[in-house]
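Data first, discussion second: the structure below is written as structure tokens.
Just so we're on the same page: letters track the sequence lines, and every chain starts at 1. Only this structure's heavy atoms are used, side chains among them; waters, hydrogens and symmetry mates stay out.
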Amino acid sequence: MPVRSGAQLSRKLGQKKQRLSEAERHQSPPGGTPTPSPQEPRLALGPQRSIYFSSPRGAPARLGLDFFDQPAVALARAFLGQVLVRRLDDGTELRGRIVETEAYLGPEDEAAHSRGGRQTPRNRGMFMKPGTLYVYFIYGMYFCMNVSSQGDGACVLLRALEPLGGLETMRQLRTSSRKGSTGRALKDRELCSGPSKLCQALAIDKSFDQRDLTTDEAVWLEPSPPGPREPAVVAAARVGIGNAGEWTHKPLRFYIQGSPWVSVVDRGAERNTQV
DNA sequence: CGCTCGATTGGCT
DNA sequence: GCCAATCGAGCGC
């Protein structure tokens, strides 16, 4: 069952982009060399961090209601750089820095599941208190993960993470949930570069729907470690929403410019981005 | 790189 | 029935 095709090889090389300029300051350079060996300069700790460091007597760094209780656009931007943590049943901690989000504004937003005030058992999480998860099943096989914000029926979709810890576990989770057992190892950049990829990598499924990020034992958000400087944020059109009238092209997707971990780059939007 | 297309099933207009 | 806030293979350039 070797499925070695020519296309697989031809796509191998030849990806050298010029948009890495800003990113290299903050994260590991991706495509410059065929096989980036020393991945992750700083935060290359193992899956499990020191227990002394991470949780000094039940006072872990965790973002609370005051963080989530802001309008969807503000929250979508505020998410960038923060670290999502998923603790598996066996204690393994998976960590990723959020690099891409989308805001869904509520009833008036024609691209939102809550458009027109629709409230159903499925999207109930969108209407719950800020910080509540809304996880839904899509395309017959995937999940997407949202966080409720301030505003009725408003939320933020998490679209991409920079994996920081537990990468091998993420790789296993991603690989095993794909059907074709081609055996080819996923690159780091394929682990969390998409809303359903990150759900696979973090083992987030429907059972996480309506959980509270401010109190849940298995998933939470930690404040961004202080960086050298604020990264530029690109505001672009949202992905995959089809035709939603005037809402189709509104700049409600946000990502860290130059980050190699983003799922979809929008060159046009980047031309309008202040640096 | 960039495009097209099939997979697969829960949730509803 | 029909559609869906996706993914990854396959193929052309």
Side-chain angles (χ1 to χ4, degrees), chain A residues 1-20 30-31 34 72 76 79 100-106 109-126 133-149 153-161 170-171 173-187 189-202 204-207 209 236-245 247-255 260 262-268:
Chain A
M1 55 192 316
V3 195
R4 213 52 45 93
S5 73
Q8 197 172 8
L9 296 172
S10 67
R11 133 174 68 174
K12 204 64 162 290
L13 305 179
Q15 40 188 8
K16 206 156 305 180
K17 309 306 301 198
Q18 62 191 67
R19 59 185 185 77
L20 314 166
F79 266 135
E100 181 184 355
T101 60
E102 282 178 3
Y104 287 86
L105 304 194
D109 184 348
E110 284 301 314
H113 291 169
S114 54
R115 64 186 171 282
R118 287 168 174 78
Q119 189 172 352
T120 66
R122 179 180 64 142
N123 70 2
R124 174 125 202 289
M126 297 180 85
L133 295 183
Y134 166 42
V135 179
Y136 67 90
F137 185 65
I138 189 66
Y139 293 116
M141 57 187 107
Y142 300 117
F143 295 96
C144 288
M145 175 184 190
N146 300 261
V147 183
S148 180
S149 71
C155 69
V156 175
L157 171 70
L158 303 185
R159 284 198 57 93
L161 308 177
M170 291 183 187
R171 213 182 316 274
L173 286 164
R174 288 270 293 126
T175 302
S176 62
S177 58
R178 296 188 307 166
K179 59 177 349 180
S181 54
T182 58
R184 151 183 168 265
L186 290 167
K187 296 172 190 168
R189 282 164 64 178
E190 298 175 297
L191 294 177
C192 300
S193 56
S196 295
K197 292 181 190 175
L198 74 85
C199 283
Q200 282 182 352
L202 299 187
I204 299 286
D205 60 20
K206 191 73 176 171
S207 72
D209 189 39
R238 292 173 293 185
V239 174
I241 57 176
N243 189 350
W247 291 86
T248 308
H249 298 110
K250 288 190 189 262
L252 294 173
R253 183 167 68 97
F254 304 97
Y255 66 85
V262 164
S263 70
V264 179
V265 165
D266 185 330
R267 297 290 177 73

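- To the nearest angstrom, C1' of C/dA4 lies 14 Å from CG of A/Leu157.
- Where A/Glu190 and A/Arg122 each meet DNA chain C at their nearest nucleotide, the meeting point lying more 5' is that of A/Arg122.
- Between A/Lys197 and the options A/Pro195, A/Ser193, A/Cys199, a side-chain contact (heavy atoms from CB on, under 4.5 Å) holds for only A/Ser193.
- Across all strands shown, nothing is found opposite B/dT8 as a Watson-Crick or G-U wobble partner with both distances under 3.5 Å.
- An aromatic stacking contact between A/Tyr142 and the base of C/dT6 is absent, as defined here by ring centres under 5.5 Å apart and ring planes under 30° from parallel.
- Out of C/dA5, B/dT9, B/dC12, the shortest distance to the side chain of A/Thr120 is found at B/dC12.
- Across the protein-nucleic acid pair, A/Arg267 atom CZ and B/dG2 atom P stand 7 Å apart, rounded to whole Å.
- In this structure, A/Tyr139 does not pack face-to-face on the six-membered ring of C/dA4, missing the 5.5 Å centre cutoff or the 30° plane limit.
- For a distance-only test at 3.5 Å, the side chain of A/Tyr136 qualifies as a donor-acceptor partner of the base of C/dA5.
- Among the atoms of the strands shown, none is found under 4.0 Å from any heavy atom of A/Arg253.
- For A/Arg124, the CZ atom is loosely surrounded, since the number of other residues' heavy atoms within 6.0 Å does not exceed 12.
- With hydrogens and angles disregarded, a donor-acceptor distance shorter than 3.5 Å links the side chain of A/Arg238 to the backbone of A/Ala103.
- Remark: A/Arg159 is not positioned above the aromatic ring of A/Tyr255, lacking an NZ or CZ atom under 6.0 angstrom from the ring centre and at most 45 degrees off the axis.
- If you check every strand for non-hydrogen atoms under 4.0 Å, A/Met145 touches nothing.
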